[in-house]
Amino acid sequence: MVAFGKYLQRKQIEEWRGYYINYKLMKKKVKQYAEQIQGGSQHPRHVLKDFSRMLDTQIETTVLFMLEQQGLLAGRLAILRETHDSILEQPDISKIVELRESYRDVGRDLLQLLKFVELNAIGLRKILKKFDKRFGYRFADYYVKTRANHPYSQLQQVFKHVGVGAVVGAISRNLHELQENEGSFYSIYDQPVLPLQDPVVEAIKTAVDKLTHSTNFLNFLAQHALIMQDELVTPSEDAIDERAYHFNSLLLNLGNTFLYMVNTYIIVPTADDYSMSLGAAATVCGVVIGSMAIAQVFSSVYFSAWSNKSYFKPLVFSSIALFIGNLMYALAYDANSIALLLLGRVCCGLGSARAVNRRYISDCVPLRIRMQASAGFVSASALGMACGPALAGLLQIKFKFYKFTFNQSTLPGWVMAVAWLFYLVWLCISFKEPLRDTEDEEKTNPNETTSMTDRVESSRVEDGLRKPLLITSGIKPEDEEDCNESEESQEDSHKPANSFRSAYQLLTPSVKVQLLIYFMLKYAMEILLSESSVITSYYFSWSTSSVAIFLACLGLTVLPINILVGSYISNMFEDRQILLTSEIIVFFGILFSFNLFVPYTVPQYVISGLVMFVAAEVLEGVNLSLLSRVMSSRLSKGTYNGGLLSTEAGTLARVVADVTITLGGYLGRGHLLNATLLPSLVICIGSIVATCCTYNSLY
């Protein structure tokens with residue numbers, strides 16, 4: 001393995017050598033810090049302060065030079081513009097060719113500048129990871145977050161290459177104007193989609209895309225989806241992604257996500273009426289709704305394992321299971337069988353392919369659009385959550401066809417059965433099974449060894465995060481980039497978890513607390529949603545349409561809240577501050593929902609429910625955003641991955657909540673509200689206490 005320091009030295013432009021990040025110096029400083037802390041001559045806080053100051057100085061040198069070079073390129077473009085204008089007046093083919101080559105020279109110099117930025121960005125990331133590994137302190141995340149979010153941030157210049165876009169636009173526009181040979185000059189703004197681009201422009205765009213980070217909102221939504229991925233992706237790996245990518249297949253994957261969420265929530269407004277029509281108590285709706293979640297606990301595991309071999313077959317099975325389950329749900333009315341009703345919902349739960357949906361995005365979508373695809377996953381889920389109750393509110397008709405009854409209780413089953421049948425046909429026609437890793441082994445790029453080493457380094461860094469800040473006397477400092485790892489240790493260090501137990505052992509205390517928070521918020525949200533029809537009909541005599549409108553309005557808040565948090569709030573406050581504040585707001589939302597001393601009113605129920613739901617949505621986004629950054633990379637692949645763990649935690653919360661509603665029904669509908677809110681309050685208090693205990697370890 002070639003050390004990055006030597007690689008950086010070899011790739012440096014000789015004239016710019018003094019402006020690169022001094023990786024070798026900083027690596028020596030990290031080693032000195034380790035010796036000083038071990039010897040007791042330096043306090044860790046002083047080390048952090050001194051290292052931060054050194055990084056700031058290094059970045060400032062790099063950024064000022066980058067801005068200087070951008071200015072020189074802009075000056076050359078201004079001079080070429082004058083020549084360009086004179087050619088417009090008297091077109092000359094030889095001068096046009098000469099001018100185009102001059103623009104290309106500027107473009108090639110811009111490519112060199114982009115490579116300069118890329119090398120410095122990689123060097124900065126690697127030295128931060130090296131520091132974290134050596135000291136077991138998550139300094140990298142603190143440093144990047146505090147610097148990148150500052151209004152005068154120089155770090156943004158490195159990672160977001162501010163100002164480069166204007167230079168790229170000038171080169172692209174002028175080269176296109178000179179592209180026609182017969183004096184025909186068209187602007188790129190007149191032809192926004194160009195079939196052919198100058199090779200230099202294409203190379204520049206590729207380099208820019210490689211450096212570009214997605215917007216805060218897309219990044220926030222993607223982390224909300226908890227699509228786990230390796231931090232370091234090599235060009236060869238991304239090429240495999242490009243071969244595996246198929247747009248229609250991605251749409252089908254997102255369509256499965258949307259339909260499943262519609263299927264989950266379309267029965268909520270009418271589940272109590274359906275239960276009563278079959279001779280059961282209204283509170284049995286908790287079991288009816290929760291039976292789907294119970295089955296999902298088990299289906300998530302086998303779907304996650306199945307996705308190791310195929311994506312098409314699990315999606316086909318999911319569609320068939322959901323088609324049959326909805327038919328059984330619809331036929332239970334005429335059969336007068338509560339057992340058939342529950343069996344239909346269980347069958348629907350067995351068709352939950354959300355683990356496959358997440359895995360497909362993680363493995364089969366190119367890195368350049370993976371953030372958008374992940375955001376699409378969250379958006380599809382939110383839209384399905386809103387459309388389900390809204391659709392139920394529209395199905396307020398009743399008629400019979402032969403021996404089959406169609407009414408507000410059975411129509412959700414019939415409608416979803418038809419929807420899944422159409423989806424199955426579309427799936428069989430349009431889905432393309434992506435290439436598996438085993439099919440690509442013979443085509444593996446020679447750089448695969450380097451790729452494995454990078455992944456090993458990433459895994460070892462994460463292992464270092466779990467060590468205490470002070471270095472123990474039994475551990476010798478080592479330079480992981482200057483030593484060669486054996487093949488066996490490389491494979492072991494990146495081996496995915498092979499059971500829930502091994503996955504659990506990879507979780508740090510702070511990650512366990514975040515999973516507890518996720519359980520709490522899902523439990524509270526499920527209590528609010530699942531018992532809404534029973535509570536509102538008892539206290540306010542709401543109709544099914546009124547309940548459907550209320551639930552649809554709650555669902556429609558999801559995307560606006562994510563936009564607000566992802567684009568604004570997350571830039572103003574630390575994630576841990578938003579996390580704790582949201583938990584406290586959820587606590588007050590639950591507290592004000594209790595029916596204690598005064599008559600229960602619609603404003604009290606709606607406002608407290610809305611406050612709790614919105615705060616829980618904020619909490620979910622921030623919590624999963626944190627989880628996606630701190631979970632071990634060993635949980636990014638395999639059956640027992642990070643997405644599966646979060647899915648299981650949320651599903652278990654829903655199961656417990658729905659069982660709580662059914663058990664609370666034995667106390668009578670008048671006591672159901674307080675009986676179900678009390679466990680929510682206790683779990684919320686527990687999560688707040690746990691968050692406070694681990695607050696300093698969050699970032």
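Computed from a predicted model, the values in this text were never measured in an experiment.
Of all non-hydrogen atoms in I127 and L124, the two that sit nearest each other are CG2-O, 3.2 Å. Between A380 and F258, the shortest heavy-atom distance links the atoms O-CD1, 3.6 Å. The two residues T61 and G18 make their nearest non-hydrogen contact at CG2-O, 4.2 Å.
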Could you check I37 against V47 for side-chain contact (heavy atoms from CB on, under 4.5 Å), going step by step and ending with a plain yes or no?
CA-CA 8 Å; I37 291 179; V47 167; 3.9 Å; yes

Full working for salt bridge (Lys or Arg N to Asp or Glu O under 4.0 Å) between E101 and R104
CA-CA 5 Å; E101 193 58 35; R104 289 195 183 104; 3.4 Å; yes

Between F431 and N248, does the side-chain contact (heavy atoms from CB on, under 4.5 Å) criterion hold? Intermediate values first, please.
CA-CA 7 Å; F431 192 86; N248 285 341; over 6 Å; no

Worked check of ring-ring contact (aromatic ring centres under 6.0 Å, His included) between F116 and Y19:
CA-CA 9 Å; F116 169 83; Y19 302 101; 7.7 Å; no

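Within a 6.0 Å radius of CD in Q32, more than 12 heavy atoms belonging to other residues, nucleotides or ligands are found.
A perpendicular orientation is assigned to the rings of Y33 and F131, their planes being inclined by more than 60° (bins at 30° and 60°).
Here the straight-line distance linking atom CG of L73 with atom CG of D105 works out to 11.5 Å at 0.5 Å rounding. Taking CZ of R100 as the reference point, atom NE2 of H84 lies at 11.0 Å (rounded to 0.5 Å). We find the CG-CG distance between N120 and N22 to be 10.5 Å, quoted to the nearest 0.5 Å. Residue M26 holds its CE atom at 8.0 Å from CG of L128, rounded to the nearest 0.5 Å. Atoms NZ and NZ, from K31 and K130 in turn, are 10.5 Å apart once rounded to the nearest 0.5 Å. Annotation: the span from L72 atom CG to L67 atom CG amounts to 11.0 Å, rounded to 0.5 Å.
When the side chain to side chain contact (heavy atoms under 4.5 Å, CB included) test is applied to N253, the partners found at least two apart in sequence or on another chain are N357, Y360, I361. With sequence neighbours excluded, the residues that form a salt bridge (charged side-chain N to carboxylate O under 4.0 Å, His left out) with R76 are D109.
One N or O on the side chain of S249 and one on the backbone of K432 form a donor-acceptor pair closer than 3.5 Å. At distances below 3.5 Å, at least one donor-acceptor pair connects side-chain atoms of Y20 with backbone N or O atoms of I13.
A salt bridge links D50 with R53: the distance from a Lys NZ or Arg NE/NH1/NH2 to an Asp or Glu carboxylate oxygen falls below 4.0 Å.
Annotation: side chain of V365 is in contact with side chain of L250 (closest heavy-atom distance under 4.5 Å). Here the side chains of V30 and F51 are in contact, with some heavy-atom distance below 4.5 Å.
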